[in-house]
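Worksheet: the structure to be examined is printed underneath.
A note on names: the letters A, B, ... follow the listed sequences, proteins ahead of strands, and every chain is numbered from 1. Since we're looking at a predicted model, the values are computed, not measured.
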There are 2 protein chains.
Amino acid sequence: MHHGTVTTPGGIGPRLRELREARGLSLSEVARRAGIGKATLSGLETGVRNPTLETLYAVTAQLGVPLSAALAAAPAQRVSGAAVTATLLRTFEEQGCTFELYRLVVAAGARQVSPAHQAGVTEDLTVFAGALRTGSADAPLLVGAGEHASWRADVPHVYEAVGGTDVQASLLIRTPSAR
Amino acid sequence: MHHGTVTTPGGIGPRLRELREARGLSLSEVARRAGIGKATLSGLETGVRNPTLETLYAVTAQLGVPLSAALAAAPAQRVSGAAVTATLLRTFEEQGCTFELYRLVVAAGARQVSPAHQAGVTEDLTVFAGALRTGSADAPLLVGAGEHASWRADVPHVYEAVGGTDVQASLLIRTPSAR
DNA sequence: TGTTGGTGTTTCATAAACGGAACGCTCACG
DNA sequence: CGTGAGCGTTCCGTTTATGAAACACCAACA
């Protein structure tokens, strides 16, 4: 790019190396299977090269990992508030609706209120660890690990970690297409 | 690459164009903001070029979209059985556990039994549409839209869409690290 | 009907990613 | 000790992605 400093965003190279070594495969082996040069894979893993999408795909396909997983260490879009850090995992466009799947981390003991979204928006939340008080601000639900909650997001809603630990959760926001 | 045919996996180019146009931005504008050449972005969107990871990142960052979302149309790793299509959305490595987040589609009326996983594996499933009978094969649970189920996966487990429609769900598999 | 300001595409020299081959290295085996 | 097979890195000529600029096109406006 115009300023020739560090190239690859995130630690994709090291991450690929981890994935490869976790499978007990040698660099030479993966390069051969993927049909790319050893030099290419070496440079990719050590970060001295800035791989082509095609190259990256050839490698991740061989490792049996989707590209998105390999890019997991790359800076994802995050929406951080006082208490909540949301990482957009994926979006779907589905028959008139947009789904946005987030991973949520709510800091221990913290609380955050989100403003209302547009009409028709619903949120589905699953807690994997910790306990979360969440839902519409006037009638929040207590959701423990392994539990699920759902509410309409066209009113203000709240997130509050009630245990002494951070809350890990997944959040699916369903937005009807405005068009 | 060695055989110079179609390069970019999936329809990343067209997808980026959609994302850009959905935001009402011109190609020139995005190229300028992203600090890349118009020729590059043009070639990227039309699919005649095979972009560098760095280029791709510059564009997606400008569009406010994580790389993984831009790659959503790319062929993700799928595990298909008789009834279930599972798309790996993302993996986390978290304090001694590996989390794998899948999107599940269970064909209407179909049924599939999965063999037992290793000891300690748990599965958390959230249904977004349809109704699913799932869980351990001898004691399955009925899970409707918006509901959640959780079970230990070290015994055989079953997936069965009971309504007349396909079931859309998310599945989180938690695997304690063997090391 | 210029002319200006925008669009997206194409041309082109340069820079860089590419694969093949050579390198140095470690380890297993005779 | 060889020495052969594997490893990951480095060298190097070829391929190709890159950005600046020129291009054709369109709409607004004097």
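Residue A/Arg49 has no polar side-chain atom (N or O) positioned under 4.0 Å from OP1 or OP2 of D/dT9. Checking the phosphate oxygens (OP1, OP2) of D/dG6, no side-chain nitrogen or oxygen of A/Ser28 falls inside 4.0 Å. Dashed line: the shortest gap from a side-chain N or O of A/Arg32 to OP1 or OP2 of D/dG8 is not under 4.0 Å. Phosphate contact (OP1/OP2 of D/dT9, side-chain N/O of A/Arg17, threshold under 4.0 Å): present. Considering only side-chain N and O atoms, B/Ser26 lies under 4.0 angstrom from the phosphate OP1 or OP2 of C/dT7. An OP1 or OP2 oxygen of C/dA17 is reached within less than 4.0 angstrom by no side-chain nitrogen or oxygen of A/Thr52.
Under a hydrophobic-cluster definition in which Ile, Leu, Val, Met, Phe, Trp and Tyr are linked whenever side-chain heavy atoms come within less than 4.5 Å, directly or via other members, A/Val105 and A/Val143 are assigned to different clusters.
The separation between B/Ile36 atom CD1 and C/dG8 atom C1' is 14 Å, rounded to whole Å. The separation between B/Asn50 atom CG and C/dA17 atom P is 12 Å, rounded to whole Å. Rounded to an integer number of Å, the gap from CG of B/Leu53 to C1' of D/dT18 is 15 Å. Between the CG atom of A/Leu44 and the P atom of D/dG8 there is a distance of 14 Å, rounded to whole Å. Rounded to whole Å, the distance from CG on A/Leu27 to P on D/dT9 is 6 Å. Between the C1' atom of C/dA17 and the CG atom of B/Leu56 lies a distance of 16 Å, rounded to the nearest Å. For the pair A/Glu54 CD and C/dG19 P, the interatomic distance rounds to 9 Å; values are reported in whole Å. Rounded to whole Å, atom P of C/dT9 lies 9 Å from atom CG of B/Leu41.
Counting heavy atoms from C-beta on, the side chains of B/Val167 and B/Tyr159 never come closer than 4.5 Å. Contact of the B/Val30 side chain with the B/Leu16 side chain is not registered, since no non-hydrogen atoms from C-beta on lie closer than 4.5 Å. The shortest distance between side-chain heavy atoms of B/Gln62 and B/Leu25 does not fall below 4.5 Å. Side-chain contact between B/Leu27 and B/Lys38 is present, with at least one heavy-atom pair separated by less than 4.5 Å.
When distances are taken from the side chain of A/Thr40 to each of D/dT18, C/dG19, D/dG8, the shortest belongs to C/dG19.
In this view, B/Glu18 satisfies the salt bridge (charged side-chain N to carboxylate O under 4.0 Å, His left out) rule with no residue, not counting sequence neighbours.
In terms of modelled atom types and a separation under 3.5 Å, the side chain of A/Thr134 and the main chain of A/Val158 share a donor-acceptor contact.
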Contact letters for nucleotides 21-26 of chain D, in which S counts primed atoms plus P, OP1 and OP2 and B counts the base, heavy atoms under 4.0 Å: ------

